[in-house]
Amino acid sequence: MLAVENLEVVYDDVVLVLRGVSLEVPRGAIVALLGSNGAGKTTLLRALSGLLDIHEGEVTKGTISLDGVDVTHRSPAQLVGLGIKQVLEGRRIFAEFTVEENLRIGAHAAKTAPKESMARVFDLFPTLADRRRATAGYLSGGEQQMLAMGRGLMSDPSYLLLDEPSLGLAPRLVEQIGELIVEINRQQTTVLLVEQNANLALSIAEHGYIMETGKVVMDKPTTALLEDEDVREFYLGMAHEGETKRSFRDVKHYKRRKRWLS
Amino acid sequence: MTQLLQAITSGLGQGAAYALIAVGFVIIYKATSVISFAQPALMAAGATAVALLTGQAGLGFYTAVVVAVVGAALLGAGVERTVLRPMVGKPVFILAIITLGLDVVIRNVTNRFIGFNVRPMNDPWGLDRTTLLGITIQHRHLAALVTTAVLLAALYAFFQYSRTGLAMRAAAIDQEASQAQGVNVGTVFGLSWAFAAALAAIAGVFIGAGSTVDQQTWVVGLKALPAIILGGLDSVVGAVVGGLAVGVVEALFATYQGTYMPWLGSNFSIVAPYVLMLMVLLVRPYGLFGTPEVQRV
């Protein structure tokens with residue numbers, strides 16, 4: 001289990017971004033992490049994968065533990081070695097590399113030869129197999145997202161942290177990405193899914209966390225979240241039953257105080 | 001005609017050494033976006049080490065070269081770890097100035113070892129030459145060309161096929177994304193400095209070969225600057241072409257300028273590479289093989 005306890009993260013020694021976040025990702029699950037822009041979702045992932053350093057961020061309080069072992073201040077290379085792998089937001093593939101080279105670099109920390117993992121990735125994403133010699137920068141957006149996820153899987157991680165895999169993709173592709181995440185999870189990889197697309201995230205996850213301004217404000221199984229009135233209204237864009245159409249003014253966030261903040 | 005070919009071959013031989021230094025510049029630049037001005041000093045240090053090891057310590061020439069190259073690589077990696085690593089994330093301008101300081105320090109220490117004497121290189125080539133189809137080729141130039149070709153082929157294979165080479169290329173493109181794959185970017189920086197220093201040391205051997213090492217040897221290393229700038233800072237191919245071009249232009253001017261352009265004065269061949277660099281920059285500001293920078297002003 002990957003567990004975060006009372007985590008505080010500060011950027012540039014002054015900007016407090018995470019204010020005591022606690023979260024648990026049990027082995028084998030898909031856990032969704034929702035929240036609006038600037039809530040601290042990506043920062044939490046960076047803390048988990050050790051990538052805070054490059055952004056001048058620092059964990060000032062709290063712990064991150066992997067199966068009970070404290071891994072709070074490990075380097076990215078060590079954490080990848082322990083099986084925690086982040087797929088960065090915005091894909092961030094190596095555009096000048098070929099598809100195959102991108103996958104090979106994904107296996108940098110793997111102990112086994114990249115051949116087997118590559119076969120697994122090509123099995124999951126057949127389009128990548130067809131374009132293995134193509135320059136990665138010329139792939140379509142959907143293919144690039146698949147490449148980014150495939151690159152993440154190359155080191156056979158036990159925890160895959162996905163940062164907005166649906167970003168900038170057409171609805172049908174979003175659906176496909178969702179199915180692929182379920183399939184990846186079925187192959188024994190635990191997934192922590194950060195999403196703006198709450199529909200996608202809540203449809204495949206078992207448990208969900210909602211973050212707002214650096215805090216976890218809600219922590220429930222997805223079935224409970226889907227029934228929650230506030231989540232339905234603010235994240236899924238559904239009106240209350242009985243009310244049909246409402247003017248935009250009524251849905252403006254600041255007009256209506258969210259119940260969980262009180 | 002013979003004279004022209006003669007000038008070109010000796011220019012290529014000399015240019016091969018410049019190319020090696022220039023490739024070192026490019027490797028560091030690609031990995032860390034810093035132009036390391038310490039290359040000429042590392043080149044002189046390598047040459048001095050070989051001269052002292054063969055002369056004073058009585059080692060065989062090839063053993064001395066291996067010791068000097070390994071030593072230079074360790075020095076490069078050590079300097080990166082102790083002096084430059086703490087500055088990671090600072091503006092590259094600051095880092096470049098630090099390398100200038102490093103250059104001065106390494107040069108001064110090296111000069112202490114050289115003293116006021118000129119040190120013979122004790123290389124096996126000396127000024128031996130072979131005549132082939134009417135063109136005389138010096139053995140040291142032949143050795144420089146062959147060594148450069150072999151080293152470049154090895155570097156190409158390393159960057160293309162090896163796990164570490166791929167990681168170095170990845171880190172040059174996107175540091176965060178490569179860290180997320182488990183690449184230790186610090187190791188990549190250290191390695192690129194080690195590579196650059198080793199290449200500089202080998203270049204130093206060829207610059208000193210058939211001649212001597214003295215306190216002014218490092219100046220020759222500055223020729224790599226026009227080479228990388230006209231080739232393009234971020235291109236290994238550019239560095240090689242640039243290095244060879246600088247060597248050839250220098251040799252051509254040394255051969256013909258006295259006859260055809262005597263009004264330029266003597267020793268203009270030393271300036272010629274820089275003139276070539278200026279002309280290339282007027283047409284292609286990012287160098288012959290460099291990536292054009294997309295930037296809004």
Side-chain angles (χ1 to χ4, degrees), chain A residues 12 42 45-46 48-57 74-98 100-111 113-114 136-137 144 147-148 150-157 160-163, chain B residues 26-27 29-33 81 84-92 94-95 156-192 232-238 286 289-294:
Chain A
D12 280 320
T42 301
L45 289 198
R46 281 178 189 155
L48 289 171
S49 59
L51 291 173
L52 279 175
D53 215 28
I54 197 166
H55 295 279
E56 310 286 329
R74 301 285 179 96
S75 74
Q78 287 172 326
L79 288 164
V80 170
L82 289 169
I84 303 174
K85 190 89 170 261
Q86 183 180 355
V87 177
L88 297 171
E89 181 179 359
R91 316 194 251 273
R92 301 283 284 273
I93 53 159
F94 299 107
E96 287 96 331
F97 282 17
T98 63
E100 213 169 36
E101 282 173 326
N102 266 287
L103 293 177
R104 269 172 56 208
I105 188 77
H108 186 81
K111 282 160 202 81
Q144 289 191 7
L147 180 56
R151 184 178 65 180
L153 287 171
M154 282 297 289
S155 62
D156 198 13
L160 192 66
L161 318 177
L162 292 172
D163 199 350
Chain B
V26 171
I27 289 178
Y29 181 79
K30 280 183 78 123
T32 63
S33 324
R81 183 71 192 85
L84 290 159
R85 188 80 57 83
M87 303 300 285
V88 164
K90 299 280 180 296
V92 286
I94 296 178
L95 288 152
Y156 176 81
F158 172 78
F159 281 118
Q160 207 65 31
Y161 303 113
S162 83
R163 175 174 165 274
T164 317
L166 194 70
M168 288 176 78
R169 276 163 64 206
I173 298 176
D174 186 337
Q175 283 184 16
E176 190 187 8
S178 50
Q179 277 193 319
Q181 311 312 318
V183 174
N184 190 335
V185 176
T187 314
V188 168
F189 288 176
L191 262 179
S192 52
L233 267 176
D234 55 356
S235 161
V236 173
V237 180
Y286 37 84
F289 296 89
T291 325
E293 192 169 345
V294 183

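Numbers restart at 1 for each chain; the letters A, B, ... are given by sequence-line order, proteins then strands.
Contact annotation for A:Arg91: neither backbone nor side-chain heavy atoms come within less than 4.5 Å of a heavy atom of chain B. In this structure, the portions of A:Glu101 lying under 4.5 Å from any heavy atom of chain B include both its backbone and its side chain. Within the 4.5 angstrom heavy-atom criterion, only side-chain atoms of A:Leu88, from C-beta onward, approach chain B.
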*Just do the side-chain contact (heavy atoms from CB on, under 4.5 Å) check on A:Lys85 and B:Gln181 with the steps written out, would you?*
CA-CA 7 Å; A:Lys85 190 89 170 261; B:Gln181 311 312 318; 3.2 Å; yes
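Interface remark: of the candidates B:Asn184, B:Val185, B:Thr164, B:Val183, B:Val183 forms the most heavy-atom pairs closer than 4.5 Å to chain A. Most heavy-atom pairs under 4.5 Å with chain B, from the set A:His55, A:Arg104, A:Glu56: that is A:Arg104.
Every ring pair (Phe, Tyr, Trp, His ring centres under 6.0 Å) that A:Phe97 has, sequence neighbours left out, goes to A:Phe94. Applying the ring pair (Phe, Tyr, Trp, His ring centres under 6.0 Å) rule to B:Tyr156 yields no partners; only residues at least two apart in sequence or on another chain are considered.
Between the OG atom in A:Ser75 and the CG atom in A:Leu51 there is a gap of 10.0 Å [rounded to 0.5 Å].
Remark: the backbone N or O of B:Gln175 is paired with a side-chain donor or acceptor of B:Ser178 at under 3.5 angstrom.
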